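Everything quoted here is computed from the prediction, not taken from an experiment.
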Amino acid sequence: MRSIKRVRTLALAPAFAGILLLAACGSSSSSHSASSHPSMAGMNMNSSTHSTDNTTGNSTDHSTGSSTQHGDEPMYMGDGLAGTDQGYTFAPAGASVAAPGFVFRILGPDGKPVTAFEPEQTKLMHFYLIRSDLSGFQHVHPTMAADGTWTAPTKAAGPGAYRVYAQFIAKGAGGEVVPLVLSEQVTSAGSAPDRPVPAAAASTTVDGYTVTVDSSQLMAGMAMPLKVSISKDGQPVTDLEPYLATYAHLSGFHAGDLAMAHLHPRGGVATTATGGPDLTFEATLPEAGQWRMYLQFQTGGTLHTAAVTLDVR
């Protein structure tokens, strides 16, 4: 078994934290969005080195070596609450969500459906669904037709109010890459009362695994490390399999307004190696308060989804 690579925590310069806060103030809000909450502008950190098959959603990684470094991908720094941002619009085919799929398009600055995308964590599109009480989480990967129509393979959702999110990296007319998260409010037929958000905790269990989270360094509006450790039967788990070119995928949703954050893992993974038990994510959470975090990791070919609530100051 290969030894686990340890990722060195990097200190964040105060100046960069200031840039993040300025970005939050400078973004435009959307008249198309179901929320009036302003989003922070997306930031292009680096260009991507991938080719894509736009009709199937498949991607080919042309980076050198056996690892994918996610620091080489552009990163979105906003809250995901706008339906339109930087000229791009999330255009669902309807205002309700139901199995077996949710249909939508991404419209570009010219009002036409976008068909040119770059992959982010191996996928051209990440689609999320969350209920207003932060339950009912779904994270799926839609496929795109030649005309720019996407179909997300959602499962049946319980009754109530939901929000859907499209996370992608668009290619502009000049070849520039634009990382975005756009969202809209939707409903699922019927009505049911919201359930209280589970209390904040340092650990949670799923499928016999214990996930422990160290969120002590988290501060709203600043890029800080969030450390995760996975164990089973009291023993460290070292057989995490690559999932979306990383050993775990982490996304979070803010109680109240449903702001979304996708937390990027630090470092990459070897394509044939297993990992664990310790993982570190670069966490930039745009707001203080309670966040419901969803960690997805894979062992033995099975995907596990663990949920935990964190308090962010």
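A distance-only check finds a donor-acceptor pair linking the side chain of S188 to the backbone of G158 [under 3.5 Å]. Of the possible donor and acceptor atoms, one in the side chain of D79 sits under 3.5 Å from a partner among the backbone N and O of L81. Using modelled atom types, no side-chain atom of R195 and backbone atom of L134 make a donor-acceptor pair closer than 3.5 Å. Side chain of E282 to backbone of L263: no donor-acceptor contact under 3.5 angstrom is found.
Proximity of L303 to Y243: side-chain heavy atoms (C-beta onward) are separated by under 4.5 Å at one or more points. Side-chain contact between F104 and M125 is present, with heavy atoms from C-beta onward closer than 4.5 Å. In this structure the side chain of V178 never reaches within 4.5 angstrom of the side chain of Y76, judged on heavy atoms. D85 has its side chain within reach of L182: a pair of non-hydrogen atoms, C-beta onward, lies under 4.5 Å apart. In this structure, the side chains of Y162 and S132 stay at 4.5 Å or more apart for every pair of heavy atoms. Looking at I106 and P113, their side chains never come closer than 4.5 Å, going by heavy atoms from C-beta outward. You'll find the side chain of L285 stays beyond 4.5 Å of the side chain of L226, heavy atoms only. Counting heavy atoms from C-beta outward, D214 and T212 have side chains that stay 4.5 Å or more apart.
Here the CG atom belonging to L279 is positioned 9.5 Å from the CG atom belonging to L250, to the nearest 0.5 angstrom. Atom-to-atom distance recorded for I169:CD1 and M75:CE is 10.5 Å, nearest 0.5 angstrom. The OG1 atom of T280 lies 13.5 Å from the OH atom of Y247; values are rounded to the nearest 0.5 Å. Rounded to the nearest 0.5 angstrom, S251 OG and H264 NE2 are separated by 11.0 Å.
W291 and M219 end up in the same hydrophobic cluster when Ile, Leu, Val, Met, Phe, Trp and Tyr side chains are linked at under 4.5 Å. Y88 and L107 fall into different hydrophobic clusters, where Ile, Leu, Val, Met, Phe, Trp and Tyr residues are linked whenever their side-chain heavy atoms come under 4.5 Å apart, directly or through other members.
Taking each heavy atom of T238 and P277 in turn, the nearest pair found is CG2-CD, 4.1 Å. Here the shortest heavy-atom pairing between A170 and F117 reads CA-CD2, 4.1 Å.
A side-chain contact (heavy atoms from CB on, under 4.5 Å) with I230 holds for exactly one of D278, L295, D239, T299; it is L295. Applying side-chain contact (heavy atoms from CB on, under 4.5 Å) to L244 and the options Q296, E120, H126 leaves one that passes, H126.
Residues meeting the ring-ring contact (aromatic ring centres under 6.0 Å, His included) test with F297, sequence neighbours left out: Y209, H304. Applying the ring-ring contact (aromatic ring centres under 6.0 Å, His included) rule to Y165 yields the partners F253; only residues at least two apart in sequence or on another chain are considered.
Using a cutoff of 4.0 Å between basic side-chain nitrogens and carboxylate oxygens, K171 and E118 are scored as salt-bridged. Electrostatic pairing of R131 and D194 counts as a salt bridge here, judged by a charged N lying under 4.0 Å from a carboxylate O.
No close placement of the W150 and F168 rings is indicated, their centers lying 6.0 Å or farther apart.
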> Do V213 and M293 pass the side-chain contact (heavy atoms from CB on, under 4.5 Å) test, and can you show the C-alpha distance, the side-chain angles, and the key distance before you say yes or no?
Replying inline: CA-CA 10 Å; V213 180; M293 311 301 295; over 6 Å; no
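Taking the six-membered ring where the residue is Trp, Y128 and H139 present parallel rings, their angle staying beneath 30° rather than reaching 60°.
Counted by atom type alone, Q121 and H262 present one or more donor-acceptor pairs between their side chains at under 3.5 Å. Looking at R105 and T149, their side chains never bring a donor and an acceptor atom within 3.5 Å of each other.
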